[in-house]
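Quick notes on the structure that follows.
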Amino acid sequence: MNETIVSGMRPTGKLHLGHYLGVIKNWVQLQEKYNCYFFVADWHALTTKYDNTEELKQNTKDVVMDWLACGIDPEKSTIYVQSLVPEIAELNIYLGMITPQNWVERDPTLKDMAKILKTKEGQGTQVNYGLMGYPVLMSADIMMMNSKYVPVGIDQVAHIEITRDIARRFNNLYGEFFNEPEPILNECSLICGLDGNKMGKSFKNDIKISDTDIETSKKVMTAITDRSRLRKDDLGHPDECEVAFKYWKIFGSDDEVKTIRCECEKGLRGCAQCKRELGDKINLCLSEIREKRRYYEQHPEIVDEIIEKGSQKARIKAKEVLQNVRDLVKMY
Ligand code: TRP
């Protein structure tokens, strides 16, 4: 019996290449070896976006379509939506009862989120009860499938620590049942944004998985290159090229990278030409993924069915775990 993995993403809308290279590619590999559950954390989205739910449904679908396009296979992995597995909410109650307040209060990720909220909405913004419960709900997500491993970014590790503490406390109080889940660190995404900073939707420096070729090419033309280079026949410094050459190293073959380095250093390759070719290269690398993405866009009923079926499957496992929990806690 394969070990179980759970991971989730908040429905932030269409995903970008940072998500693909840093997270989803990892998941695609994991699904070959593990019993994987991947879900859209729509309740977690409400912890901060409770006042803006207009796009929640579409964002959830967009995330799932991006996963499918990138190769998450519903035959191998269980794809579901958190709020379609209400058992998680019940588990969240039991876990909340045994989680000391100071465990959530000292969660560094939560402190950061509270800070961002405060600056965004002006002073005096409350941290809601639901946001305080973020790590407990996340523990419920993970423990609902009695997961052994959780692939996450480094920023989420503090949350997994709390999950381990909660699982241990549950086991001590009611009897050994839950795994103490361990993080599997996502390889840090190599790809920076078009401006050289971390790629992020809110920084407007991202290339979306679902962008068209034309959109991609246009965006790539804005990428920062070697700032010291003014004319196209100036000798270039690929290692000081802030974005374009880094992208080549991700998307190009070894030979291509070698040729480009050589031509750039000799002043035989202007930055505009270089970025035109880079845009074409990225589009070529993404062509299959994008074709698949378009297929799902044109067949939303297939996406709905995948979500529906996956959520049903997740509920079967969730019900089984919940029955055990209810028995251990000695509920009626
Ligand atoms: N907090 C995670 C994030 O923002 C999303 C998430 C919610 C999650 N529940 C989870 C990730 C359970 C892994 C396991 O990225």
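Both counts, for ligands and for their atoms, begin at 1 and track the order of listing. Position 1 is the first residue of the sequence, and the numbers go up from there. None of these values were measured; they are calculated from a predicted model.
Within the structure, the ring-ring contact (aromatic ring centres under 6.0 Å, His included) test picks out the following pairs touching residues 257-315 (sequence neighbours left out): Tyr295-His299.
By the side chain to side chain donor-acceptor pair (under 3.5 Å) test, Ser7 is found to be paired with no residue, residues two or more places apart in sequence or in another chain being considered. Under the rule for a ring pair (Phe, Tyr, Trp, His ring centres under 6.0 Å), Tyr247 has no partner lying at least two apart in sequence or in another chain.
For Lys25, the NZ atom is loosely surrounded, since the number of other residues' heavy atoms within 6.0 Å does not exceed 12.
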Test side-chain hydrogen bond (donor to acceptor under 3.5 Å, both in side chains) applied to Glu265 and His237, step by step:
CA-CA 6 Å; Glu265 283 172 343; His237 312 88; over 6 Å; no
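His159 and Asp107 form a side-chain donor-acceptor contact under 3.5 Å, judged by distance and modelled atom types alone.
Listed by chain and number, Ser7, Gly8, Arg10, Phe39, Ala41, His44, Tyr134, Met138, Asp141, Ile142, Val150, Val152, Gln156 each place a non-hydrogen atom less than 4.0 angstrom from ligand 1.
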